[in-house]
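Comments concern the structure below.
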Amino acid sequence: MAIEVRIPTILRSYTGGAKVVDGAGDTLADLLTDLDSRHGGLRGRLITDAGTLHRFVNVYVNDEDVRFLGALDAKLSDGDSVTILPAVAGGAFGFAAAAAISSHSAAAAAISSHSAAAAAISSHSAAAVMAGDAVAAR
C-alpha cells in the first residue's frame, strides 16, 4: 500500500529535504509509525505525549481534515494523499497584521518624503511669488 505524504518545509529536515515521501498504513497512526521508522523523529513532532495530534498540526487525507475522519484512527487506502500542515503562530491574522504594519510603515515613509518634497516645492513657490511681487513693485 503506497500513500503519498506531503511534508511541510519545517519538517523536511526529518526527510532529508524531501517534499513528498511514501508511507504505508491502514490508519493515520499506522502511517505515522511507518514514516517514523524511516524518518526518525517525525512522529514525535506531530503526536503529543498523550498520543493525540498536536493542536497546532493540521493533517488532511485527500483534502479532508482528519479531525472529522477519526483523527489518528482515520482510515487510509492505497493511493491516498496525506498533507501535513503545521499551524504558524499568529495564523492568517498575524500575517495580515504584519503585512498591514509593513505596508503602513512604507506608506508613512512615502507620505513623509512626499510631504517634505511638497513643503520644499511650496516654500520655493512662495519665494518665487515674493520675488515676483518685489520685481513688480519696482
Side chain proximity check, Arg45 to Leu11, heavy atoms < 4.5 angstrom
yes
Thr83 side, atom OG1; Asn58 side, atom CG - distance, nearest 0.5 Å
11.0 Å
Would you say that Leu28 contacts Asp73 through its side chain, given a criterion of any heavy-atom pair below 4.5 Å between the two side chains?
no
Would Tyr60 end up clustered with Ile47 when hydrophobic side chains under 4.5 Å apart are linked, directly or stepwise?
no
If you measure from CZ on Arg55 to CG on Leu53, what distance do you get to the nearest 0.5 Å?
12.5 Å
Minimum heavy-atom distance Ala2-Asp78, with the two atoms named:
N-OD1, 2.7 Å
Less than 3.5 Å apart, any donor N or O on the side chain of Asp36 or Thr33 sitting next to an acceptor on the other?
no
For the atom pair CG (Asn62) and CD (Glu4), what is the distance rounded to the nearest 0.5 Å?
10.0 Å
Do other residues, nucleotides or ligands put more than 12 heavy atoms under 6.0 Å from the CG atom of Leu85?
yes
Consider only side-chain heavy atoms of I, L, V, M, F, W and Y, link residues closer than 4.5 Å, and tell whether Val57 and Leu35 are in one cluster.
yes
CA sep, side-chain torsions, deciding dist, call: Leu72, Leu32, side chain to side chain contact (heavy atoms under 4.5 Å, CB included):
CA-CA 9 Å; Leu72 291 173; Leu32 294 178; 3.9 Å; yes
May I ask you to decide if Asp30's main-chain N or O and Thr27's side chain share a donor-acceptor pair within less than 3.5 Å?
yes
Rounded to the nearest 0.5 Å, what separates atom CD1 in Ile3 from atom CG in Leu76?
4.0 Å
Per-pair distances, 0.1 Å, donor-acceptor, side chain in residues 13-25, under 3.5 Å, sequence neighbours excluded:
from	atom 1	to	atom 2	distance (Å)
Thr15	OG1	Arg12	O	3.2
Thr15	OG1	Ala18	N	3.3
Thr15	OG1	Ala18	O	2.9

Ser77 OG to Asp26 CG distance, which is reported to the nearest 0.5 Å:
8.5 Å
